[in-house]
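Have a look at the structure below, then the notes.
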Amino acid sequence: MSGSSNTHSIYSASGAHRWTSCPPSAQLEQQFPNETSVYADEGTAAHDLAEHKLKRSLKMRSKKPISKYDSDEMDEYTDLYVEFCLNLINAAKENCKDLQILIEQKLDFSDYVPEGYGTGDLVVVGNGTLHVVDFKYGKGIVVSSERNPQMMLYALGAFSLFEMLYDIETITMVIVQPRVDNFSTYKMHVDELLTWAKDELKPKAHLASTGGGEFCAGDHCRFCRAKNQCRARAVKNLELLKYEFADAALLSDDEIADIIGLAEEISKWASDIYTYATALAINEGRQWVV
Ligand code: SF4
């Protein structure tokens, strides 16, 4: 989630895809300010509204948040989220008398990740199943819940809250991203989650906390605060340019298809560098000799 109450730890759940893929990024990022954006602020407003609507639908006390981002579109998409959550809750209720429903629940996974915690938008537990739901208001990237590290961290936090009270066998992780019609559900057995946490997550979190491990560039770089100046990302993108062409005078269709695939990542990187350098030139008078 990205609600206003979520103070990020440096190993936050929302950054887990990045720091589990590139552990030293957790320390490297600390040199750079955590800047917000209009999109992040809009997402926070949408979360606050969605939380309010869900609580009211469940007859819980809540005061309607007011925000400059309020719009018919936000109203419509938060309604869709609430409708999805209510359907999930009603289906879970059918077979369970002691259902627990938690909204905007702090989830602590510090047994595996130093100071690690996040906030679950909706957690429902009962009848052997734990459901963890995350509302995403963004529409730039469609996010899958399949083995999604952010969702698995929330699941770990929720499991540790309830493991003494409920006999949980299955975890269902759901990402609700209504603006792109994405309702992504992934089920996992608890044993599989705990094995991942012990064998993969914990060692990576240790590397992240000590600045160890290898830098590894990939699509996760786009959310890294070090992305403009990161050498590993530059090296990877410059490697992509070392394309072996055939001798023929004209490019083949296969070569053009390859170049299109490479160009996407390279153009993202070049655009980040250009934006960064331009901002420094405007704001600090920095001159770049090219
Ligand atoms: S930009 Fe990418 S490679 Fe560089 S530190 Fe960040 S995540 Fe790692």
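Remember, it's 1-based here, ligands and their atoms both numbered in the order they're listed. In what follows, residues are counted from 1 in the order of the sequence shown.
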Ring centres under 6.0 angstrom apart (His47, Phe135): yes
Please could you name the atoms of ligand 1 that Lys227 approaches to less than 4.0 Å, counting only its heavy atoms? 1 (S)
Which of the ligand 1 atoms, numbered from 1, are nearer than 4.0 Å to a heavy atom of Phe215: 5 (S)
Check each heavy atom of Cys216 against ligand 1 and say whether those closer than 4.0 Å belong to the side chain, the backbone, both or neither. backbone
Nearest-0.5 Å distance that lies between atom CZ in Phe159 and atom CG in Leu130: 8.5 Å
Just need the protein heavy atom nearest to atom 7 (S) of ligand 1, so name the residue and atom and give the distance. His220 CD2, 3.6 Å
What protein heavy atom sits nearest atom 6 (Fe) of ligand 1, and how far away is it? Cys224 SG, 2.4 Å
State whether the side chain of Gln177 and the backbone N or O of Ile141 hold a donor-acceptor pair below 3.5 Å, judged by distance alone. yes
Hey, is Lys55 close enough to Glu104 for a salt bridge, meaning N to O under 4.0 Å? no
Give the residue and atom name of whichever protein heavy atom lies nearest to atom 2 (Fe) of ligand 1, and the separation in Å to one decimal. Cys221 SG, 2.4 Å
For atom 8 (Fe) of ligand 1, the closest protein heavy atom turns out to be Cys22 SG, 2.3 Å
Is the side chain of His220 donor-acceptor paired with the backbone N or O of Cys216 at a distance under 3.5 Å, no angle test? yes
Are Phe84 and Phe183 close enough that their ring centers fall under 6.0 Å? yes
Compare all side-chain heavy atoms of Gln150 with those of Asp134 and state whether any distance is below 4.5 angstrom. yes
Is atom 4 (Fe) of ligand 1 less than 2.8 Å from at least one N/O/S atom of Cys230? yes
Under 4.0 Å from a heavy atom of Ser25: which atoms of ligand 1 are those, numbered in the order shown and with their elements? 5 (S), 6 (Fe), 7 (S), 8 (Fe)
For ligand 1, which atoms sit closer than 4.0 Å to a heavy atom of Ala217? 3 (S)
